[in-house]
Protein chains: 2
Amino acid sequence: MARINKYKFPKTTIERLSYYFRALDELSKRGIDTISSEALGVKLNVKSSQIRKDLSYFGDFGKRGMGYDVKYLTKELRYILGLDREWPVIVMGAGHFGIAIAQYTMFKKHGFNIVALFDVSEERVGKDVDGIKILHLNELEKFIGENNVEIAIIAVPPNAAQDVTNLLVDAGIKAILNFAPVSLKVEKDVRVLSVDLTTKLEALAYYMSYTRDKLWKVFS
Amino acid sequence: MARINKYKFPKTTIERLSYYFRALDELSKRGIDTISSEALGVKLNVKSSQIRKDLSYFGDFGKRGMGYDVKYLTKELRYILGLDREWPVIVMGAGHFGIAIAQYTMFKKHGFNIVALFDVSEERVGKDVDGIKILHLNELEKFIGENNVEIAIIAVPPNAAQDVTNLLVDAGIKAILNFAPVSLKVEKDVRVLSVDLTTKLEALAYYMSYTRDKLWKVFS
DNA sequence: AGACATTTGTTAAAAATTTCACATGCCCCG
DNA sequence: CGGGGCATGTGAAATTTTTAACAAATGTCT
């Protein structure tokens with residue numbers, strides 16, 4: 001069984017594990033039941049030593065001379081990543097972006113159940129997206145309490161993001177994945193992970209303008 | 001004037017510059033015309049020495065004892081990031097996610113003009129999103145050639161992503177921002193930047209389960 | 001004009017992360 | 001059942017990135 005967090009490890013390791021996890025899941029479906037770090041590295045464009053190092057923070061999952069049992073490693077990674085349970089998740093904002101997230105099957109597949117969307121628009125509230133209800137913001141606190149929701153995804157316009165964050169924090173949310181391009185301030189013990197789409201595009205523009213780097217991968 | 005890429009600098013520097021850029025833009029609108037690295041650092045949750053270091057790779061933009069002229073630094077950053085020009089961008093996939101991207105005003109504001117969406121669905125092709133036409137995939141090559149498009153954003157389901165990528169590469173696209181949760185393979189001199197939403201959520205789930213880290217920011 | 005309070009740009013040190021290299025363990029085959 | 005080859009797990013080295021620390025520059029105040 002995987003040991004969790006025995007020592008310090010790089011921040012990016014977790015994101016890579018998630019990346020390995022999905023690749024392994026796919027290999028498993030294709031009927032491949034053993035893979036070496038070398039082969040996985042080629043597939044994912046990651047050095048094999050990086051893969052072995054990442055895994056070594058959590059346990060010994062391979063067999064020397066043989067490689068890794070795909071099913072077994074998948075199971076261990078699922079455990080490490082906390083995907084062996086269901087996470088109810090709410091989405092703030094029922095615009096196209098919020099709806100896209102609600103429909104994103106990959107989330108569901110990994111144990112993240114979008115259980116509700118929240119919005120303030122008269123037009124949107126009351127409708128549903130693939131069976132997921134769009135609720136009014138004033139039902140937020142009640143809903144979070146009754147459904148033990150700990151994770152929220154912010155998909156509202158930037159000018160509303162901080163207000164929504166404050167509401168979430170007050171309502172007892174424990175983690176926020178933020179797609180609004182603003183730097184959110186939180187007081188309490190709430191984890192915030194921000195993903196900024198504009199920043200990505202700008203990085204791409206920069207690299208196009210000035211560098212000769214061919215291909216690169218971004219975790220974190 | 002900023003010197004570009006005089007020496008090697010961290011990969012994350014560019015993303016931070018983009019982050020500084022937006023904060024400065026906002027400060028400027030609020031009528032603030034000077035800021036110190038210290039004050040900016042507090043606002044953005046970045047160490048002041050980090051900011052000075054990042055900027056120092058590209059030139060001397062501050063005045064000792066005084067700080068940085070907001071307007072001037074904004075202008076320089078715009079130049080460094082290549083935002084002083086317009087980039088025509090196409091979006092592959094006109095589902096909710098593609099539409100959300102097309103409507104994302106922040107892109108336009110930073111010089112990224114979404115000039116077309118591409119899809120294969122009968123229902124979608126021919127319609128438009130805020131004046132941006134949804135075209136059929138078989139018009140891709142012609143369109144790219146005629147409109148000098150170099151950047152594409154992939155917002156299609158994972159199983160279609162590699163095929164779409166191949167089409168883009170053949171059609172002469174130079175850079176791809178990929179939101180499909182797959183590892184894309186490209187042959188030619190094409191830059192690919194992948195953003196994996198599931199991975200983010202999984203990282204969040206991990207940190208919730210096992211660590212006491214409060215808040216963290218992710219660039220790159 | 002000189003002293004003072006700031007805040008930069010930069011060099012050096014520290015910390016974090018990746019990569020290397022190889023001893024160790026494991027399976028297969030004869 | 002022992003030798004050969006393979007691929008892991010892991011310390012140590014290399015590299016990258018961040019942080020600290022401070023000399024140099026700037027404006028202000030008297």
Side-chain angles (χ1 to χ4, degrees), chain A residues 2-3 5-17 19-20 24 32-70 72-73 76-77 80 203 211 213 216-220, chain B residues 2-3 5-17 19-20 24 32-70 72-73 76-77 80 203 211 213 216-220:
Chain A
R3 62 179 120 87
N5 202 11
K6 187 177 169 190
Y7 299 114
K8 283 271 173 300
F9 53 86
K11 307 267 189 310
T12 42
T13 288
I14 284 295
E15 302 225 9
R16 278 194 301 265
L17 291 184
Y19 190 51
Y20 307 156
L24 288 166
I32 294 161
D33 41 45
T34 291
I35 194 164
S36 68
S37 59
E38 186 60 34
L40 187 60
V42 168
K43 184 176 159 62
L44 296 181
N45 226 44
V46 174
K47 286 232 162 39
S48 64
S49 55
Q50 177 83 81
I51 294 175
R52 294 200 300 280
K53 182 59 102 181
D54 284 337
L55 294 175
S56 76
Y57 294 117
F58 297 92
D60 298 354
F61 305 117
K63 280 217 181 82
R64 291 168 194 238
M66 296 283 97
Y68 299 89
D69 181 279
V70 173
Y72 171 66
L73 185 52
E76 291 290 312
L77 286 178
I80 293 167
T211 78
D213 298 356
W216 74 105
K217 176 133 298 125
V218 170
F219 301 96
S220 87
Chain B
R3 62 179 119 87
N5 204 10
K6 187 177 170 188
Y7 299 113
K8 284 267 173 302
F9 52 86
K11 307 264 190 310
T12 41
T13 288
I14 284 296
E15 302 226 10
R16 278 193 300 265
L17 291 184
Y19 190 52
Y20 305 157
L24 289 166
I32 294 161
D33 40 46
T34 291
I35 194 165
S36 69
S37 59
E38 185 60 33
L40 187 61
V42 168
K43 184 176 158 64
L44 296 180
N45 227 43
V46 174
K47 286 236 165 34
S48 64
S49 54
Q50 178 84 80
I51 294 176
R52 294 199 300 279
K53 176 61 103 180
D54 284 337
L55 294 175
S56 76
Y57 293 118
F58 298 91
D60 298 354
F61 305 116
K63 279 218 181 82
R64 294 173 190 229
M66 296 283 95
Y68 299 88
D69 181 280
V70 173
Y72 172 67
L73 184 54
E76 291 291 309
L77 286 177
I80 293 167
T211 77
D213 298 355
W216 74 104
K217 176 132 300 125
V218 170
F219 300 98
S220 90

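Keep in mind that the numbers below use all heavy atoms, side chains included, and drop hydrogens, waters and symmetry copies. Lettering of chains follows the sequences in order, A, B, ..., and the numbering in each one begins at 1.
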Do any side-chain nitrogens or oxygens of B:Y57 fall under 4.0 Å of OP1 or OP2 in D:dT18?
no
Under the side-chain contact (heavy atoms from CB on, under 4.5 Å) test against B:L40, which residue among B:V46, B:V70, B:I51 passes?
B:I51
Please work out if B:S37 contacts a base, only the sugar-phosphate, or nothing of the nucleic acid, heavy-atom cut-off 4.0 Å.
sugar-phosphate
B:T13 vs D:dT16: side-chain N/O to OP1/OP2 distance below 4.0 Å:
no
Which of C:dT19, D:dT18, C:dT18 is nearest the side chain of A:K47? It is C:dT19
Select one nucleotide: of D:dG9, D:dT18, C:dT18, the one nearest the side-chain heavy atoms of B:R16.
D:dT18
Distances for protein N/O vs nucleotides 24-28 of chain D N/O pairs under 3.5 angstrom?
unit_1, atom_1, unit_2, atom_2, d
D:dA24, N3, B:R64, NH1, 3.0
D:dT26, O4', B:R64, O, 3.2

Whole angstrom is fine here: how far is it from CD in B:Q50 over to C1' in C:dT8?
16 Å
Contact list for residues 32-41 of chain A, test side chain to side chain donor-acceptor pair (under 3.5 Å), sequence neighbours left out
A:S37-A:R52, A:E38-A:S48
Please tell me if the side chains of B:I14 and B:D54 come closer than 4.5 Å, counting only heavy atoms from C-beta onward.
no
Selected nucleotide, minimal atom distance to B:R52 side chain, candidates D:dA21, C:dT18, D:dT18:
D:dA21
Starting at NZ of B:K11 and ending at C1' of D:dT17, how long is that distance when rounded to a whole Å?
10 Å
What is the separation between atom CG on A:D69 and atom C1' on D:dA7, rounded to the nearest whole Å?
15 Å
Find out whether A:Y19 and A:E15 are in side-chain contact, i.e. whether some heavy atom of one side chain is under 4.5 Å from a heavy atom of the other.
no
For A:E38 and C:dA21, what is the distance between atoms CD and C1' respectively, to the nearest whole Å?
14 Å
A:I51 has an atom CD1; how far is it from atom P of C:dT19, in whole Å?
11 Å
In this structure, how many angstroms lie between the C1' atom of C:dT7 and the CG atom of B:D60, rounded?
13 Å
Distance check, rounded to the nearest 0.5 Å: B:Y20 atom OH versus B:R16 atom CZ?
5.0 Å
Does A:S36 make a side-chain N or O approach to OP1 or OP2 of D:dA7 shorter than 4.0 Å?
no
Starting at CD of A:E15 and ending at P of C:dT18, how long is that distance when rounded to a whole Å?
12 Å
Distance check needed: C:dT7 P versus B:F61 CZ, whole Å only.
20 Å
Out of D:dG9, C:dT18, C:dT11, which nucleotide sits closest to the side chain of B:K53?
C:dT11
Base, sugar-phosphate or nothing for A:S49? Non-hydrogen atoms, less than 4.0 Å.
base
Got more than 12 heavy atoms from elsewhere within 6.0 Å of NZ, A:K63?
no
If you take all heavy atoms of A:Y57 and A:P10, which pair is closest and at what distance?
OH-CD, 3.4 Å
